[in-house]
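Let me begin by presenting the structure, written as structure tokens, before commenting on it.
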Amino acid sequence: LSAIACAKWARRMGLGSRLLAKIKSSAFERKQDIVCEVSSIELLTWYKARGFIVTDERRLPDGSHVFCLKSSQCMP
């Protein structure tokens, strides 16, 4: 998964959640996992609330963190 984003005015309307549900359904049909990386706590929380688990955390040279996430194909 590369990126899901909504304009600020369109946030909190469920658009990203509905799009992710379609992506997860498609991955489930193909028996594939979804992996992505996020660098903000807000996005980390958003993905975790939608069934993703943290598989790795990396600290970058500038001190920021990148969280590697995975959603199993077993979770549509």
* Return each pair, listed once, that meets salt bridge (Lys or Arg N to Asp or Glu O under 4.0 Å) where at least one residue sits in residues 53-66; pairs must be two or more places apart or across chains. => Glu37-Arg58, Asp56-Arg58
* Check the hydrophobic clustering (I, L, V, M, F, W, Y; side-chain heavy atoms under 4.5 Å; chains of links allowed) and say if Phe52 and Leu15 are grouped together. => no
* Go through the structure and list residues passing side chain to side chain contact (heavy atoms under 4.5 Å, CB included) with Ser17, not counting sequence neighbours. => Trp46, Arg50
* Pairs flagged by salt bridge (Lys or Arg N to Asp or Glu O under 4.0 Å) wherever residues 12-22 is involved - sequence neighbours left out -> Arg12-Glu42
* How many angstroms lie between CD1 in Ile23 and OG in Ser71, if you round to the nearest 0.5 Å? -> 10.5 Å
* Structure fact -> Tested for side chain to side chain contact (heavy atoms under 4.5 Å, CB included) against Val38, the lone hit among Val54, Thr45, Leu43 is Leu43
* Supply the atom-to-atom distance Tyr47 OH to Ile34 CD1, rounded to the nearest 0.5 angstrom. => 9.0 Å
* Asked: Are Val66 and Ile41 in one and the same hydrophobic cluster, where Ile, Leu, Val, Met, Phe, Trp and Tyr link if side-chain heavy atoms are under 4.5 Å apart?
  -> no
* **4.5 Å side-chain heavy-atom contact, Ile53 and Leu69** => no
